[in-house]
Amino acid sequence: MSEPPAASSAPQLRDLLSSLPSYQPGRPAGQRPVGAGRGSYKLSSNENPFPPLPGVLAATSRALDELNRYPDMASSRLVAALAERLQVPADHLALGTGSVAVLAQVLAVACDPGDEVVFAWRSFEAYPILTRLAGARALAVPLAAGGRHDLSAMAAAVSARTRVVLVCTPNNPTGPAVHAEELAAFLDRVPTRVVVVLDEAYTEFVRDPGAADALAVYRNHPNVVVLRTFSKAYGLAGLRIGYAVADAPVAEALRKAALPFGVSITAQAAAVASLGEQTALDARVEALVDERTRVVSAVRAQGHDVPDAQGNFWWLSLGTRTAEFAAACESAGVSVRPFGQEGVRVTIGEHEANERVVQVAASFAPVR
Ligand SMILES: *Cc1c(COP(=O)(O)O)cnc(C)c1O
């Protein structure tokens, strides 16, 4: 038997790994016994409670006949369908295995070591992780009142080293969408050499009439990258597919940085089929938006201060009682997403699940 290798010969990995947080997936639904009305629910990952849109499972299964082949690397059918739907040139599109992967592609093509990436905080937890993995420095700008982006402070945070600004609209986890005028003023202040990402993962759920229209903004700003996903409204989170819309040079760079053949044949087929089901999609989104309105009104009526909720989720600031609230939801058979000692994010899911969280909220004193 040879000696185990000395510690000094362990594979050398990057120093940053020791301080890099791991992405925390939402807890799965608990293991409560399923009895009459006592099932368990998962409201911790902003997933869609509906099954795939009509025809999507069949189209996805048919794609499996080609399982021995690599996927179409250009995703031609999907790109053509998206270009038609969004009224953008096909060469302004870049796909990836979820819009999180497309974001990693943005950072890979924009950042050299030591460059800076500016984003709001708290926002999407993948931002600091992907930024640091790309070798860049994360500059987190605190949210303003009401869980809103402070775009003026974000513009002020842009320096000569800034390569990318990430704008999450609506903001995960707090909920408000960025407004058209504030975004226009922000883009006027940010140098056009800086890439501005508008992360619109929840765009289908937005009902705020003042919200910015990222696609309209991209048409006048060659430095703007719009990120969209099939994971949320379309309910295809398990298949991993998202995309960017950007001016041709940026989109081409993003395609270069994509993992070869990353977007699977099943993901491509499901996305194409889903795009053909606009009416059914609209109905589901509307049902979730109605449910959001109902839940947020109920929780506000209890005295809680819920920020404007424009995604398929809502936010409750709970400070030091955050973990206690999450545990109470767990006892009621619902997993929600706690963030440290800040608050919880609750997905709009099945009616019964939403109701249980509303009931838990009723027993908590409002935190202001
Ligand atoms: C869910 C989410 C995404 C996209 O996730 P994918 O499943 O990788 O497409 C992107 N941005 C935000 C803010 C999200 O919440």
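Just follow the structure's listing: the first ligand is 1, and inside any ligand the first atom is 1.
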Seminar exercise, completed: Here the atoms of ligand 1 under 4.0 Å from any heavy atom belonging to S231 are 6 (P), 7 (O), 9 (O)
For this session: Answer whether the closest heavy-atom distance between the side chains of L103 and Y127 falls below 4.5 Å.
Result: yes
For this session: Within a distance under 4.0 Å of any heavy atom of G98, pick out the atoms of ligand 1 and give their elements.
Result: 6 (P), 8 (O), 9 (O)
For this session: Name the orientation class of the two ring planes belonging to Y243 and F230 (parallel below 30°, tilted from 30 to 60°, perpendicular beyond 60°).
Result: tilted
For this session: For the residue pair Y202 and F205, categorise the inter-ring angle as parallel (less than 30°), tilted (30 to 60°) or perpendicular (more than 60°).
Result: tilted
Seminar exercise, completed: Correct closest heavy-atom pair for N171 and S123 would be OD1-OG, 2.6 Å
Exercise. Would you say A201 contacts ligand 1, with heavy atoms under 4.0 Å as the rule?
Worked result: yes
Exercise. How far apart are the closest heavy atoms of P366 and Q302, and which atoms are they?
Worked result: CG-O, 4.0 Å
Exercise. Mind checking whether V100 has an N or O less than 3.5 Å away from an N or O of ligand 1?
Worked result: yes
For this session: Output the list of atoms in ligand 1 that are nearer than 4.0 Å to some heavy atom of N172, sorted by atom number.
Result: 13 (C), 14 (C), 15 (O)
Problem set entry | R161/E116 ion pair, N-O < 4.0 Å | no
Exercise. According to the interplanar angle, ranging from 0 to 90°, do the rings of H92 and Y218 count as parallel (below 30°), tilted (30 to 60°) or perpendicular (above 60°)?
Worked result: perpendicular
Problem set entry | From R228, R345, E200, R240 - option closest to atom 6 (P) of ligand 1 by heavy atom | R240
For this session: Could you tell me whether S99 approaches ligand 1 through its side chain, its backbone, both or neither, with non-hydrogen atoms closer than 4.0 Å?
Result: both
For this session: For ligand 1, note which part of D199 has a heavy atom under 4.0 Å away: side chain, backbone, both or neither.
Result: side chain
For this session: Kindly confirm or rule out a cation-pi arrangement of R337 over F339, judged by NZ or CZ under 6.0 Å from the six-membered ring centre and within 45° of its axis?
Result: yes
Problem set entry | ligand 1 atoms in contact with C168 (distance to a heavy atom under 4.0 Å) | 13 (C)
For this session: Answer with side chain, backbone, both or neither: which part of Y202 has a heavy atom less than 4.0 angstrom from an atom of ligand 1?
Result: side chain
Exercise. Does any N or O atom in K232 lie less than 3.5 angstrom from one in ligand 1, N or O only?
Worked result: yes
Exercise. Non-hydrogen atoms of A237 versus ligand 1: any pair closer than 4.0 Å?
Worked result: no
